[in-house]
Number of protein chains: 2
Amino acid sequence: MSKVRVSISVSLDGYVAGPNQSQEEPLGDGGERLHDWAVELKAWRELAGMEGGEVNASSAVMEEEHTNVGAEIMGRGKFGPPSRGAWGDDPWRGWWGEDPPFRKPVFVLTHHAREPLTLSDTTFTFVTDGIHSALVRAREAAGDEDVFIGGGAKAINQYLAAGLVDELELHVVPLLLGGGERLFDEVGPGVKLELLRVVEAPGVTHLKYRVVR
Amino acid sequence: MSKVRVSISVSLDGYVAGPNQSQEEPLGDGGERLHDWAVELKAWRELAGMEGGEVNASSAVMEEEHTNVGAEIMGRGKFGPPSRGAWGDDPWRGWWGEDPPFRKPVFVLTHHAREPLTLSDTTFTFVTDGIHSALVRAREAAGDEDVFIGGGAKAINQYLAAGLVDELELHVVPLLLGGGERLFDEVGPGVKLELLRVVEAPGVTHLKYRVVR
């Protein structure tokens with residue numbers, strides 16, 4: 001059966017974004033540094049339509065992360081804009097321009113109804129009736145492939161707390177943000193995990209866990 | 001020059017002890033499970049004067065942790081009792097009985113003055129004039145050897161925030177405690193680290209960092 005997977009960069013003090021997120025600083029103060037290890041990679045640059053880049057121990061981790069994923073669920077926090085609220089007359093179309101790198105169905109958790117938005121190979125569907133409904137729809141769209149919970153912290157935490165995540169990969173970055181969006185907030189106690197593997201790479205340690213039911 | 005080292009077990013959600021610490025549950029709800037990996041080891045059992053135990057990938061980590069340490073600094077939270085406050089007429093003598101496993105000078109951070117307490121090979125000295133003073137005294141006592149900051153979270157966080165820690169080893173345990181004593185609270189931003197090594201072992205992943213000045 002297909003899996004529900006989470007994979008996210010996190011600071012050593014547990015934040016997936018810094019404080020003061022804004023349209024200019026989507027990942028908050030210092031948060032962009034959480035992704036330094038990724039944006040240098042050839043595998044990442046290819047997804048973003050760019051040339052060049054490095055190949056190192058993180059490359060296989062990133063390739064695995066993007067393989068066999070049939071649909072993504074993201075929170076309003078990841079889709080944006082940071083002001084949230086009603087969509088308005090000229091609604092926000094995401095951070096990623098006219099050719100978003102997802103190229104699969106994306107389900108956006110929101111309190112505000114909206115027609116689906118198709119940009120190139122990616123269709124964003126806006127789900128207003130909760131995480132379980134979004135997962136049903138994402139599973140249907142994914143078929144035999146996995147469903148990826150793409151963030152932010154609140155979306156991931158909700159799925160973890162509900163016991164709906166099968167695998168969790170943390171890209172642990174050796175910096176302290178001191179505040180921001182905290183992973184695992186209001187998730188424990190009662191969630192057990194089992195380490196599947198560790199990969200040590202430049203600027204990051206990849207810890208992959210299975211969530212034990 | 002001798003180093004200031006920290007080494008502590010931490011849940012995946014960043015706690016070094018669970019909520020509701022008490023005399024019966026010194027590590028709070030679920031917190032004792034943070035040390036399951038350690039208490040099974042022959043290396044730990046020897047320090048506690050017990051026989052038997054396992055030898056696995058954690059054994060060398062624990063041996064390294066205890067090698068070349070000339071003095072330990074601990075917070076009142078680690079020394080106890082959980083009620084804290086004034087020492088009283090029949091003062092608390094620590095959690096460890098008449099033969100504590102430290103066998104070196106231990107400096108206890110406290111707001112309440114007290115004469116030194118010697119139990120077998122361990123002398124506890126109570127320091128009321130702050131973390132810098134405690135470190136000066138611990139360095140003197142340690143000579144060429146390292147100073148170990150033994151916890152709890154508050155003591156470690158204070159030394160990290162003050163930029164006084166050279167090496168930090170996290171024993172990351174795959175469970176979520178959901179509350180308790182949080183490592184890194186009020187430490188970041190502005191602290192950078194560099195991974196020195198990873199050791200994958202049964203029930204724990206050891207991540208050792210150098211703190212970059």
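FYI, side chains are in, hydrogens and waters are out, and symmetry mates aren't considered; it's all heavy atoms of this structure.
Minimum heavy-atom separation, A201(A) to A57(A): CB-CB, 3.9 Å. The minimum heavy-atom distance linking I8(A) with G151(A) is given by the pair CD1-CA, 4.4 Å. The two atoms that bring P174(B) and G203(B) nearest to each other are CD-O, 3.4 Å, heavy atoms only. Summarising the geometry of A17(A) relative to L34(A), their closest heavy-atom pair is N-CD1, 4.0 Å, with the distance given to 0.1 Å.
Neither the backbone nor the side chain of L160(B) comes within contact range of chain A, judged by heavy atoms closer than 4.5 Å. Neither the backbone nor the side chain of L183(B) comes within contact range of chain A, judged by heavy atoms closer than 4.5 Å.
Counting heavy-atom pairs closer than 4.5 Å to chain A, the top residue among L195(B), L176(B), V187(B) is L176(B). When the candidates V204(A), V10(A), V198(A) are compared by the number of heavy-atom contacts under 4.5 Å with chain B, V198(A) comes out ahead. Ranked by heavy-atom pairs under 4.5 Å with chain A, the first of L177(B), L170(B), L175(B), L207(B) is L177(B).
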Between L164(A) and V211(A), is a side-chain contact (heavy atoms from CB on, under 4.5 Å) present by the stated rule, with each step listed? CA-CA 9 Å; L164(A) 296 172; V211(A) 182; over 6 Å; no
Is there a side-chain contact (heavy atoms from CB on, under 4.5 Å) between V108(B) and V127(B) once you walk through the steps? CA-CA 6 Å; V108(B) 181; V127(B) 180; over 6 Å; no
For I156(B) and V16(B), what are the C-alpha separation, side-chain angles and deciding distance, and is it a side-chain contact (heavy atoms from CB on, under 4.5 Å)? CA-CA 11 Å; I156(B) 292 172; V16(B) 305; 5.8 Å; no
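A 4.5 Å side-chain heavy-atom check between V191(B) and L12(A) finds every atom pair outside the cut-off.
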Donor-acceptor pairs under 3.5 Å, chain B to chain A, main chain and side chains both?
from	atom 1	to	atom 2	distance (Å)
P174(B)	O	L193(A)	N	3.2
L176(B)	N	V191(A)	O	3.4
V191(B)	O	L176(A)	N	3.4
L193(B)	N	P174(A)	O	3.2

